[in-house]
Amino acid sequence: MKTIIIAILTVSGFWFSSLQAQNVVGYVFEVDGNNQRVYLPGVNIVWMGTTSGTASDANGRFVLSKTGINTTRLVVSLIGYKTDTVELK
């Protein structure tokens, strides 16, 4: 199985220690044989233990609401790829 890489760019302009922010923004990609990023559309990103989530767009970008969420873990999945858990710190 292939592995998905997730890059969290910002948490509404605050550092990760400030998880009271409203949104998490990032990109989902894999690295190809030429060591180039290939951004992945349609990847599911869900807060662990909840049904609150989103999917990445055609450019692999996602925006995920943090409002009312009490976890710092994301579950990232796409058919044909290994499901992964990401801890925001």
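Just so it is clear, the model here is predicted, and its values are computed rather than measured.
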Which heavy-atom pair separates V63 from T54 by the least distance, and what is that distance?
O-CG2, 3.6 Å
More than 12 heavy atoms of other residues, nucleotides or ligands under 6.0 Å from CG of N70: is that the case?
no
How close do N44 and A55 get, counting heavy atoms only, and between which atoms?
OD1-CB, 4.3 Å
Counting only N and O atoms by type, is there a donor-acceptor contact under 3.5 Å from the side chain of T71 to the main-chain atoms of W47?
no
How long is the straight-line distance from CG of D84 back to CG of L74, given to the nearest 0.5 Å?
10.5 Å
Would a hydrophobic clustering, with Ile, Leu, Val, Met, Phe, Trp and Tyr connected at side-chain separations under 4.5 Å, put V75 with Y81?
no
Using modelled atom types and a 3.5 Å cut-off, is there a donor and acceptor pairing between side-chain atoms of N34 and backbone atoms of Q36?
no
How long is the span from the OG1 atom in T50 to the CD1 atom in I69, to the nearest 0.5 Å?
4.5 Å
Is a side-chain N or O of S56 found less than 3.5 angstrom from the main chain of R61, in a donor-acceptor match?
no
Determine the minimum heavy-atom distance between V76 and V86, stating which atoms define it.
CG2-CG2, 4.1 Å
Do Y27 and R37 come within less than 4.5 Å of each other through their side chains, counting heavy atoms only?
no
Indicate if V31 and Y39 have the same hydrophobic cluster label, given that clusters are the connected sets of ILVMFWY residues with side-chain heavy-atom separations under 4.5 angstrom.
yes
Hphob cluster co-occupancy, L88 + I45, side-chain heavy atoms under 4.5 angstrom:
yes
Do V43 and F62 have side chains that get closer than 4.5 Å, going by heavy atoms?
no
